[in-house]
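The structure under discussion appears below in the form of structure tokens.
Lettering follows sequence order; numbering is per chain, from 1. Quick caveat: nothing in here was measured; it's all calculated off a predicted structure. Quick note: numbers below take in every heavy atom, side chains included, and nothing from hydrogens, waters or symmetry partners.
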Amino acid sequence: MNYWLLKSEPSAWSWAMQEKEGAKGTVWTGVRNHLAKKNLMAMKAGDKGFFYHSNEGKDIVGIVEVVRAPYPDPTAAKGEPWAAVDVRAIMAMPKPVPLAAIRAEPKLARMALVTSARLSVQPVTKVEWQIVCRMGGIN
DNA sequence: GCCAACGTTGGC
DNA sequence: GCCAACGTTGGC
């Protein structure tokens with residue numbers, strides 16, 4: 001299983017909205033960057049991801065699960081090869097993990113959130129996943 | 001194919 | 001609101 005981080009501005013798509021979609025989940029659209037798309041394309045059903053609020057909040061607020069493997073983004077312009085996956089909310093972080101806390105943790109210095117701040121779909125290593133979960137009050 | 005100009009993202 | 005980082009565009 002692989003781990004990811006998905007970014008969204010809460011004014012456009014928030015964790016609360018994601019939770020309302022319930023167990024069936026909903027499509028994650030709008031990725032328009034080739035590296036982010038490459039990461040999306042590597043996802044498999046059952047993978048997990050952090051849900052990160054950019055711009056407002058700037059924290060990891062929840063965990064989602066990929067429920068449908070990559071397929072063409074229905075919101076892409078005709079003929080453009082962008083991809084989407086379906087994700088569902090699994091649980092909110094008991095304690096949201098702020099970006100500042102991630103930056104302050106030396107073990108997370110190589111996390112993509114720190115090194116590639118603008119990438120909207122990022123891989124997360126298993127070690128990083130576990131550290132962030134612990135910081136968020138899981139375990 | 002290079003690179004300057006420009007647009008966008010996102011933290012501060 | 002500012003600006004750094006980074007991607008894209010377009011002239012040459």
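- We find that OH of A:Tyr52 is positioned 12 Å from C1' of B:dT9, with the value rounded to whole Å.
- Rounded to whole Å, the distance from CG on A:Leu99 to P on B:dG11 is 6 Å.
- Here the shortest heavy-atom pairing between A:Trp28 and A:Leu6 reads CZ2-CB, 3.6 Å.
- Donor-acceptor pairing under 3.5 Å is recorded for the side chains of A:Glu19 and A:Trp15.
- Two rings, from A:Trp82 and A:His34, have their centers less than 6.0 Å apart.
- Within the nucleic acid shown, A:Arg103 comes within 4.0 Å of sugar-phosphate atoms alone, with no base atom in reach, counting heavy atoms only.
- An OP1 or OP2 oxygen of B:dG10 is reached within less than 4.0 angstrom by a side-chain nitrogen or oxygen of A:Lys7.
- Rounded to an integer number of Å, the gap from A:Gln122 CD to B:dT9 C1' is 13 Å.
- Checked against A:Asp73 for a side chain to side chain contact (heavy atoms under 4.5 Å, CB included), the options A:Arg32, A:Glu80, A:Lys37 give a single hit: A:Arg32.
- B:dT9 atom P lies 14 Å from atom NE2 of A:His34, rounded to whole Å.
- Among B:dC12, C:dT8, B:dG10, the nucleotide with an atom closest to any side-chain atom of A:Glu9 is B:dG10.
- Atom CH2 of A:Trp82 and atom P of C:dG7 are 12 Å apart (whole Å).
- Note: CG (A:Asp59) to C1' (B:dG11) measures 13 Å, nearest angstrom.
- Atom CG of A:Asn55 and atom P of C:dG1 are 14 Å apart (whole Å).
- Put simply, NZ on A:Lys37 is 16 Å from C1' on C:dG7, counting in whole angstrom units.
- For A:Arg118, counting side-chain heavy atoms from C-beta on, the closest listed nucleotide (C:dA5, C:dT8, B:dC12) is C:dA5.
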